[in-house]
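Following: one structure in structure tokens, then a few remarks.
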Amino acid sequence: YMHVGNLRTALYTWLIARHGGGRFILRIEDTDQGRLVEGATEVIYNTLKKCGLDWDEGPDAGGPVGPYIQTQRRDLYGKYAELLIERGGAYRCFCGKERLESLHGENGLGGYDGHCRDLPPEEVAKKLAAGVPYVIRQRIPHTGQTTFHDAVFGAITVENETLDDQVLMKSDGLPTYNFANVVDDHLMGITHVVRGSEYLSSAPKYNLLYEAFGWEVPTYIHCSPVMRDQHNKMSKRHGDPSYEDLLEQGFLSEAVVNYVTLLGWSPRGEYAEREFFTLQKLAEIFDIGGISKSPAIFDLEKLKYFNANYLRALSPEDFRTGAEPYLRQAIRNPDIDLSLVAPLVQPRCDTWMDIAPQVDFLDALPEYSNELYCHKKMKTNEENSKEALEQVLPVLEGLGEWTYDALHEALLGLAQRLELKNGRILWPVRTALSGKAVTPGGAVELCHILGQTESLRRIKHGIAQLSH
């Protein structure tokens with residue numbers, strides 16, 4: 001699955017690339033083999049495609065700086081680690097697991113103590129000859145400060161003594177995430193690096209690596225987290241939805257993309273008050289200066305508001321195509337024309353999931369209480385509702401053509417002849433046809449959809465029920 005926060009990072013990266021006429025590169029970072037999840041790469045491909053985030057280079061598209069899967073680049077990293085050792089920016093560490101664990105102390109805290117940092121070259125050569133396993137660590141200066149610039153948070157300065165000599169190459173010959181990314185970002189010509197603010201603490205170490213290699217530092221854009229509430233970050237473990245979950249819950253991908261872009265970014269100038277944007281429009285107006293330092297709170301109700309607007313804006317044809325599986329779920333009767341039902345629910349749903357509960361009565365009349373016939377505003381009660389249905393029955397039985405216009409004329413004509421307000425006739429009919437207090441569409445629409453036979457059957461059932 002793809003977290004909402006990860007989707008937002010991908011979105012911002014794509015928008016920066018498209019806004020600046022740059023290239024969007026898809027790189028699969030799989031060096032942490034222990035955390036590899038089967039099928040995760042497919043989820044990334046599918047999510048980006050569904051969201052409309054096309055990439056210019058990547059594992060499937062190819063490109064001039066491939067391969068685009070980090071484990072397929074493993075031979076590269078060793079060379080750069082060796083180069084870093086030569087330049088004094090890294091060293092080999094032969095400490096075993098037990099020694100490293102002893103450094104953590106009882107509280108599990110405590111970083112590496114630099115034990116192998118200044119081993120004499122002959123001792124290093126001896127250990128290498130004996131085949132002692134090792135990792136390669138970054139040599140962080142013990143004194144001074146490192147300042148890095150972030151496009152969102154500005155200049156941040158840290159004391160070097162607070163940074164630990166992080167592992168760059170593991171004993172299995174694979175790089176750590178932190179090292180692989182610096183090497184690949186340089187080799188692939190990455191100009192903008194977008195990631196979560198939890199990586200702010202790693203940024204000084206990245207800077208020191210770039211400086212040790214003599215490479216240009218890219219623009220850092222750290223984004224504050226997406227939160228469930230004021231105190232908790234969104235988390236799949238706590239039941240917060242992923243992008244896939246949101247689609248399963250009946251949200252449109254376009255609405256999710258629009259809403260997620262605005263979690264932590266605000267349009268400026270003439271667009272400052274606007275909420276609804278196509279992806280193309282966002283690419284046109286996106287600027288890094290609109291990214292906020294403050295965490296954003298994911299509000300499902302706000303997303304529903306966005307989604308409802310997107311559903312209403314669909315053409316009737318597109319809405320019907322999208323709604324069909326949800327209509328079919330509730331209406332199994334093949335005689336019911338779904339193209340008549342879809343327009344009734346389009347203005348009445350926030351997500352696709354709202355459809356089935358609104359229309360299930362079309363498939364089968366539920367059991368209902370006669371109290372539904374009593375409506376103060378319509379001036380209906382059980383007695384006059386029964387009379388109304390008894391008047392309606394012969395009119396509908398004698399109707400030659402069962403069209404919307406003919407039904408409209410027949411029912412309203414009856415009310416006129418009886419010198420009654422329309423509601424006195426239409427409310428009892430709608431109740432008898434649906435058995436519900438609220439329906440999409442009124443008496444005329446429901447008669448039209450249910451057809452003559454079923455409509456008459458339900459009206460007779462209503463009369464019988466009101467007679468007891």
- Item | Within 6.0 angstrom of Glu275 CD, more than 12 heavy atoms from elsewhere | yes
- Query: Considering residues, nucleotides and ligands other than Glu211, do more than 12 of their heavy atoms fall under 6.0 Å from its CD?
  - Reply: yes
For [X] and [Y], test the side chains for any donor-to-acceptor distance below 3.5 angstrom and give the result as yes or no.
X      : Y      : answer
Ser242 : Asp245 : yes
Ser253 : Tyr243 : yes
Asp60  : Tyr45  : no
Asp405 : Thr403 : no
Asp184 : Asn181 : no
Arg228 : Ser235 : no
Asn309 : Tyr305 : no

- Query: When you look at Trp427 and Asn422, which way does the side chain to side chain donor-acceptor pair (under 3.5 Å) test go after all the steps?
  - Reply: CA-CA 8 Å; Trp427 183 265; Asn422 292 342; over 6 Å; no
Can you give me the closest heavy-atom contact between [X] and [Y], atom names plus distance?
X      : Y      : answer
Gly264 : Ala296 : N-CB, 3.7 Å
Gly52  : Leu279 : O-CD2, 3.5 Å
Ala212 : Leu84  : CB-CD1, 3.6 Å
Leu426 : Ala443 : O-CB, 3.5 Å
Cys116 : Cys93  : CB-CA, 3.8 Å
Leu365 : Gly435 : CD1-N, 3.7 Å

Can you tell me if [X] uses its side chain to pair, donor with acceptor, with the backbone of [Y] under 3.5 Å?
X      : Y      : result
Asp164 : Gln166 : no
Asp150 : Ala155 : no
Thr47  : Ile44  : no
Tyr77  : Thr176 : no
Arg137 : Met169 : no
His3   : Asn6   : no
Gln346 : Leu314 : yes
Arg430 : Ala437 : yes
Asn307 : Ala255 : no
Arg348 : Leu344 : yes

Are [X] and [Y] close enough that some pair of their side-chain heavy atoms sits under 4.5 Å apart?
X      : Y      : result
Tyr271 : Arg268 : no
Val65  : Glu57  : yes
Leu209 : Phe179 : yes
Pro241 : Phe298 : yes
Ile156 : Thr147 : no
Val217 : Phe148 : no
Leu433 : Phe361 : no
Asp337 : Ile449 : no

- Message: Quick one, Tyr199 with Tyr177, criterion ring pair (Phe, Tyr, Trp, His ring centres under 6.0 Å). Give me CA distance, side-chain angles, the key distance, then yes/no.
- Response: CA-CA 11 Å; Tyr199 288 103; Tyr177 167 85; 5.5 Å; yes
- Task: Would you check, one step at a time, whether the test side-chain contact (heavy atoms from CB on, under 4.5 Å) holds for Phe24 with Asp54?
- Result: CA-CA 8 Å; Phe24 181 62; Asp54 55 328; over 6 Å; no
- Query: Per the side chain to side chain donor-acceptor pair (under 3.5 Å) rule, which among Gln329, Lys436, Arg332 passes with Asp360?
  - Reply: Lys436
Are [X] and [Y] within salt-bridge range, i.e. N to O under 4.0 Å?
X      : Y      : answer
Lys281 : Glu284 : yes
Lys50  : Glu244 : no
Asp240 : Lys233 : no
Arg18  : Asp56  : yes
Asp354 : Lys304 : no
Arg27  : Glu29  : yes
Arg139 : Asp165 : no

- Task: Please test Thr71 against Asp30 for side chain to side chain donor-acceptor pair (under 3.5 Å), starting from the C-alpha separation and ending with a verdict.
- Result: CA-CA 6 Å; Thr71 46; Asp30 59 347; 2.6 Å; yes
- Worked check of side-chain contact (heavy atoms from CB on, under 4.5 Å) between Cys51 and Leu11: CA-CA 9 Å; Cys51 292; Leu11 257 167; 5.9 Å; no
- Message: Could you walk me through whether Phe94 and Val124 satisfy the side-chain contact (heavy atoms from CB on, under 4.5 Å) test, starting with their C-alpha distance in whole Å, then the side-chain angles of each, then the deciding distance to 0.1 Å, before giving a yes or no?
- Response: CA-CA 9 Å; Phe94 298 93; Val124 172; 4.1 Å; yes
In terms of relative ring orientation, are [X] and [Y] parallel, tilted or perpendicular, with 30° and 60° separating the classes?
X      : Y      : answer
Trp352 : Phe319 : tilted
Trp215 : Phe213 : parallel
Phe276 : Phe306 : tilted

- Query: Looking at Tyr259 versus Phe277, is the centre-to-centre ring distance below 6.0 Å?
  - Reply: no
- Query: Are Tyr12 and Phe286 close enough that their ring centres sit under 6.0 Å apart?
  - Reply: yes
Roughly how far, to the nearest 0.5 Å, is the [atom2] atom of [Y] from the [atom1] atom of [X]?
X      : Y      : atom1 : atom2 : answer
Gln145 : Thr157 : CD    : OG1   : 6.0 Å
Leu208 : Lys205 : CG    : NZ    : 10.0 Å
Ile331 : Ile355 : CD1   : CD1   : 9.5 Å

- Task: Tell me, with the steps shown, if Met188 and Tyr68 meet side-chain contact (heavy atoms from CB on, under 4.5 Å).
- Result: CA-CA 9 Å; Met188 292 182 173; Tyr68 293 88; 3.9 Å; yes
- Do Arg8 and Thr261 pass the side chain to side chain donor-acceptor pair (under 3.5 Å) test, and can you show the C-alpha distance, the side-chain angles, and the key distance before you say yes or no? CA-CA 6 Å; Arg8 186 187 63 172; Thr261 304; over 6 Å; no
